[in-house]
Asks: 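Please see the structure below; I have some questions.
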Amino acid sequence: LPLFAAANLRPGAEQKVVFITARVHPGETPSSFVCQGIIDFLVSHHPIAKVLRDHLVFKIAPMLNPDGVYLGNYRCSLLGFDLNRHWANPSPWAHPTLHGVKELIINMYNNPKINLEFYIDIHAHSTMMNGFMYGNIFEDEERFQRQAVFPKLLCQNAEDFSYSSTSFNRDAVKAGTGRRFLGGLLNDTSYCYTLEVSFYSYILGGAASAVPYTEEAYMKLGRNVARTFLDYYRLNSLVEGPLAPTPKTR
């Protein structure tokens, strides 16, 4: 779902791209509601959404495993593959959605007029609560620290997002995931994350009891993910000047 505006279509202008994918595991239905919240916000008339469309290009693949979803599978595709372990060498026949998305991402990476700045793959988690992220580990300490900025900002915007549950790893079992593979492929100005959200509930800071997630709560998390890009790029001076005060999405 590309969203273009005049500011990022000027001749010769560099396009800053945010790439979002979801539902690679068909049983993780909350990921679709989070992705829906992101899309609904980005195409809305909200002032923040307009600023984001003016400065960034969003590309969204909301369902990476459509045949698995259709069949009601939990993790696998029609052919029985866990697609999130085949990013390193996806087959155009056995893993066509991964093959197509990876080809698109590599083409953008090789285009000097495009800077692929974020890749976020949305999942749902069956044992942990709240929303949280997985990131990568890098030998470059500065790059590692910069990677923590987006989830810290998201924690400020979304009351159900937990930075304390966010972790950075390079487990061997995760080597074939989108986050791990693209984190190793893209340059040090790109940030790759897995966004996880609980299947069942979240705990607010200081609260003793859990709050059950609803479809609306998942979509609200998606809206807050989208809003956080403005905070990130304001911090990094892409978006200049004050924005008129607007009500918080949450």
Side-chain angles (χ1 to χ4, degrees), residues 1-5 7-24 31 35 38-39 42 52-65 83-123 133-151 168-171 174-195 225-226 228-230 232-233 235-239:
L1 175 67
L3 303 174
F4 297 106
N8 52 43
L9 282 181
R10 292 193 309 270
E14 179 188 62
Q15 292 183 9
K16 294 183 179 292
V17 174
V18 174
F19 207 112
I20 297 171
T21 58
R23 210 68 185 276
V24 70
S31 66
C35 191
I38 293 173
I39 294 171
L42 291 175
L52 291 174
R53 294 195 300 266
D54 283 346
H55 291 86
L56 302 168
V57 175
F58 289 89
K59 291 188 178 291
I60 302 176
M63 190 172 288
L64 285 179
N65 197 338
L83 296 182
N84 205 36
R85 296 296 183 271
H86 290 276
W87 278 91
N89 190 29
S91 158
W93 177 79
H95 325 109
T97 53
L98 254 62
H99 184 270
V101 168
K102 179 182 173 182
E103 195 171 61
L104 175 60
I105 288 174
I106 290 176
N107 286 341
M108 288 192 298
Y109 176 65
N110 291 328
N111 187 334
K113 294 184 178 180
I114 294 176
N115 191 13
L116 180 55
E117 304 218 322
F118 282 91
Y119 171 76
I120 299 177
D121 189 28
I122 308 173
H123 289 252
M133 279 179 152
Y134 292 127
N136 295 313
I137 290 178
F138 303 105
E139 303 304 328
D140 181 348
E141 180 65 21
E142 182 189 351
R143 184 183 185 188
F144 181 72
Q145 294 295 335
R146 281 189 278 116
Q147 183 188 213
V149 172
F150 187 86
F168 304 93
N169 62 70
R170 50 182 169 200
D171 299 342
K174 304 285 190 181
T177 65
R179 183 255 307 177
R180 280 289 305 281
F181 175 75
L182 293 172
L185 170 72
L186 304 176
N187 61 35
D188 63 1
T189 63
S190 302
Y191 303 100
C192 300
Y193 306 94
T194 301
L195 172 62
V225 169
T228 301
F229 286 109
L230 179 64
Y232 177 85
Y233 282 106
L235 194 65
N236 289 277
S237 303
L238 170 67
V239 180

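None of these values were measured; they are calculated from a predicted model.
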Asks: Check salt bridge (charged side-chain N to carboxylate O under 4.0 Å, His left out) between Glu141 and all other residues, then give those that pass, not counting sequence neighbours.
Replies: none

Asks: Check Pro151 against Met133 and note the closest heavy-atom contact, atom names and distance.
Replies: CB-SD, 3.9 Å

Asks: Test your reading of the model: is there a side-chain donor-acceptor pair from Arg179 to the backbone of Gly135, 3.5 Å cut-off?
Replies: yes

Asks: Got a list of side-chain donor-acceptor pairs under 3.5 Å for residues 94-105, not counting sequence neighbours?
Replies:
unit_1 : atom_1 : unit_2 : atom_2 : d
His95  : ND1    : Ser91  : N      : 2.8
Thr97  : OG1    : Leu64  : O      : 2.6
Lys102 : NZ     : Trp87  : O      : 3.2
Lys102 : NZ     : Ala88  : O      : 2.7

Asks: Supply the atom-to-atom distance Asn115 CG to Lys16 NZ, rounded to the nearest 0.5 angstrom.
Replies: 5.0 Å

Asks: Not counting sequence neighbours, which residues clear side-chain hydrogen bond (donor to acceptor under 3.5 Å, both in side chains) with Tyr191? List them please.
Replies: Arg146

Asks: What is the ring orientation for Phe150 with Phe229, classed by angle as parallel under 30°, tilted 30 to 60°, or perpendicular over 60°?
Replies: tilted

Asks: Could you tell me whether the side chain of Arg23 and the main chain of Ser31 form a donor-acceptor pair under 3.5 Å?
Replies: no

Asks: Do you know which of Thr194, Val18, Leu182 makes side chain to side chain contact (heavy atoms under 4.5 Å, CB included) with Tyr119?
Replies: Leu182

Asks: In Å, rounded to the nearest 0.5 Å, how long is the span from CG of Leu116 to CG of Asn107?
Replies: 11.5 Å

Asks: Go through the structure and list residues passing side-chain contact (heavy atoms from CB on, under 4.5 Å) with Asn111, not counting sequence neighbours.
Replies: Lys113, Ile114

Asks: For Tyr232, check ring-ring contact (aromatic ring centres under 6.0 Å, His included) against everything at least two apart and list the hits.
Replies: Phe118

Asks: Apply ring-ring contact (aromatic ring centres under 6.0 Å, His included) to Phe168 and list each qualifying residue two or more places apart in sequence or on a separate chain.
Replies: Phe144

Asks: Please round to the nearest 0.5 Å and tell me the distance separating atom CD1 of Ile60 and atom CZ of Phe19.
Replies: 9.5 Å

Asks: Considering only heavy atoms from C-beta outward, does the side chain of Ile38 approach that of Ile122 to under 4.5 Å?
Replies: yes

Asks: How many angstroms lie between CG in Leu235 and CG in Leu230, if you round to the nearest 0.5 Å?
Replies: 11.0 Å

Asks: Sequence neighbours excluded, which residues qualify as side-chain hydrogen bond (donor to acceptor under 3.5 Å, both in side chains) partners of Asp121?
Replies: Thr21, His123

